[in-house]
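Reminder, nothing fancy here: chain letters follow the sequence lines and each chain counts from 1.
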2 protein chains.
Amino acid sequence: MVTERQLEIILAVVYEYITTGEPVGSRAISKRYLTGKSPATIRNEMADLEEMGYLWQPHTSAGRVPTSKAYRFYVDAILQRKPAPPQGLERWLKEIKKRRRNTEELLSYVSTLMSRTTRCFSVAAIGALGNMQPRRVDFVRLDSEHVMVLVVLEGGLVHHRVIAVPGDISQEKLDAAARKVNELIASRPWSEVRTALYRQIRGELEDYFNACLAAIDELDAMALRQNYHFFARGASEILKLPDFQDVSRISAILALLEEEESLLCLLESYSLKEGLHVIIGEENAIEEMRDYSLLFNVVDAAGCRMILGLIGPLRMDYEGSIATLEAISKDLREDHM
Amino acid sequence: MVTERQLEIILAVVYEYITTGEPVGSRAISKRYLTGKSPATIRNEMADLEEMGYLWQPHTSAGRVPTSKAYRFYVDAILQRKPAPPQGLERWLKEIKKRRRNTEELLSYVSTLMSRTTRCFSVAAIGALGNMQPRRVDFVRLDSEHVMVLVVLEGGLVHHRVIAVPGDISQEKLDAAARKVNELIASRPWSEVRTALYRQIRGELEDYFNACLAAIDELDAMALRQNYHFFARGASEILKLPDFQDVSRISAILALLEEEESLLCLLESYSLKEGLHVIIGEENAIEEMRDYSLLFNVVDAAGCRMILGLIGPLRMDYEGSIATLEAISKDLREDHM
DNA sequence: TCTTAGCACTTCTCTTATGAGAGTGCTAAT
DNA sequence: ATTAGCACTCTCATAAGAGAAGTGCTAAGA
């Protein structure tokens, strides 16, 4: 167990280290945080804390650096008292609303905004949920074997994909099929539309069977496989940090973050329930992420799931970053109908 | 003017420097390229070439490094004898065709492929041209003030944007308007469709005037403002290069390349006529790009303009990169109908 | 029993010195 | 015109030493 005083020391070391970036010595703690106690006392405590795995020494005669375990204490403390959103952000949030020309642009902008204000690498992702509400479906014949399925979801997300169809279907038939589907939709969740569609296929829609079946499959896939659209920004921000002058490590993580598939893996490795998630350094299952912290917020709205994530150094500004993330998420949820 | 022998030396220095990455000494040239001549002779020539601005010394007692001017000679020599496409690429190109689920995914994949094979930062962009052929237009009412305009172009490119409309328009009216527009389209170039539309608006379509006008504006904007979709990959590749261990410079260029607007600026600063463009180091107008070379190929097909670009170090493998770029471009053009 | 002053010890970093290595420019001979 | 020879310059790696920061331990004090 950790005593009251040890906790104080842990928090002090984390705070000091986040601020200065230098290993923290006993003198600094004695002078600035536990003013009543002498460096020697702090030293004894620190030695114990090191044994318990909260602190860590780069070398014998350096100060202490917090471990992931210590950061965890710190972050949990922050999460208690909801931090205030950073100033200046509001102006940008207003800008977001203006920018609502389409969901992709919106998220791209949000991602840039996050990375700028937090100086972290940022990811914004959006995908359909099982209860997504399609608003509009359209089929476009491309050639004798390919049809493009277009779906507009309630939240304004547009999804399109080319599918192969077994036999040539005329645009007229596709139009008729699309019209039927659109009539059925009327802002109901996909699961309802789906069963209704299946019922209709057996009867009326027999004619368009193939096209419809393929389209239904496609829509199902959208909802289930959760094929997210990703918007990642701020690689340059991470490079600016004094912590990462060692290029080799950055290259590894950048490769990871550039691949959408690995990003998806990363996100899927956590329970994606709504709300804020904080994964600190060694808590992360992925080897390359051990030197970084990952914050992300899952927001479900209008049948879509949005994920806003930040990746920064272990000694990132958790307080500010969490506040920024929450503020943007809140705004986005409200904005996203 | 440059003598025959001086040209030989320039090409040798460039080739040697690209291969080894070390400043090239007179001994190396004498031993491996101009075997008949002694180092002293080469030295004299090199001193002249330095004065002429083709070579450059990091310090007094180092070998010579080529300048942009020297690279230009080298690249021009390469462009004479069309280099053979690199082996192994074909397998990947086949993969491209399979992946044609939608244009965005295709380009994203191409961008990744380019950066992997050339070990450069890569950009793939696609935008509509003035002679684009819309294939399908759809209007979706989002709320009383907003309508989404969806356009599928001949090449499979999908464009959508939310526009504000002055008055509430019912989905039925929008459907009717879309139907009219789609009838007019029939794979004609936009310019023709445009005039036909204007004629119709005055008469029949009066009812849908507002929606149509906004949509036409939107389509015009697409063709003119050339709002490209960008797919950039391979930041991690550049970091792996031994040339760029100096993090500060990379951070600057990454910031540049992450911003779509600056990318657009970059591309627009060159005459975007079809074909291959090579901009070497100092030839580039943009300050941050002076240490890099930029290759890009402009491909116009099916009313769309595709731009495939590579950004690498001055001493990149021009031969292989150019071949890769050409091979992928050729395949893409054929594939893109 | 908890705290603290004092001190020896460890390790890092910064500076300076030194020598090896690479490559040049110049001169004089071919 | 070419080249051998040589002094010169600059970098880079290594070593050595001074100085700073911070620790662990011991013994004395509250």
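Residue order along DNA chain D, read from the 5' end via each residue's closest nucleotide, puts Thr41(B) first among His59(B) and Thr41(B).
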Original post:
Stepwise, does the side chain to side chain donor-acceptor pair (under 3.5 Å) test hold for Arg233(A) with Ser115(A)?
Top reply: CA-CA 6 Å; Arg233(A) 294 295 143 77; Ser115(A) 106; over 6 Å; no
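As rounded to whole Å, 11 Å separates atom P of dA1(D) from atom NZ of Lys37(B). One can place CZ of Arg27(A) at 10 Å from C1' of dG22(D), the figure rounded to the nearest angstrom. Here the P atom of nucleotide dG22(D) and the CD1 atom of Ile29(A) are 11 Å apart, to the nearest Å. Atoms CH2 (Trp56(A)) and C1' (dG22(D)) sit 15 Å apart, rounded to a whole Å. Atom pair Arg43(A):CZ and dC9(C):P shows a separation of 16 Å (rounding to whole Å applied). Following rounding to the nearest Å, Asn44(A) (CG) and dG6(C) (P) show an atom-to-atom distance of 17 Å. The separation between Ile42(B) atom CD1 and dA1(D) atom P is 16 Å, rounded to whole Å. Per the geometry, CD belonging to Glu22(A) stands 16 Å off P belonging to dA20(D), to the nearest Å.
Considering only side-chain atoms of Arg64(B), the nucleotide from dG24(D), dT3(D), dT24(C) that sits closest is dT24(C). Among dT4(C), dT23(D), dT24(C), the nucleotide with an atom closest to any side-chain atom of Met46(B) is dT24(C). Residue Thr60(A) has its side chain nearest to dT11(C) when only dT24(C), dT11(C), dA5(C) are considered. Comparing dT3(D), dT4(C), dG25(C) against the side chain of Ser38(A) picks out dT4(C) as the nearest.
Residue Phe296(A) forms a side chain to side chain contact (heavy atoms under 4.5 Å, CB included) with just one option from Leu276(A), Leu308(A), Ile279(A), and that option is Ile279(A). Test Tyr71(B), Phe73(B), Tyr74(B) against Tyr54(B) for ring pair (Phe, Tyr, Trp, His ring centres under 6.0 Å) and you get one pass: Phe73(B).
In summary, the side chains of Ser251(B) and Ser236(A) do not present any donor paired with an acceptor at a separation below 3.5 Å, with no hydrogens or angles considered.
Using a 4.0 Å cut-off, some side-chain N or O of Ser26(A) falls inside it from OP1 or OP2 of dT23(D).
Judged by atom type and distance alone, Ser61(A) reaches the base of dT11(C) through a side-chain donor-acceptor pair under 3.5 Å.
At least one side-chain heavy atom of Tyr292(B) sits under 4.5 Å from a side-chain heavy atom of Ile238(B).
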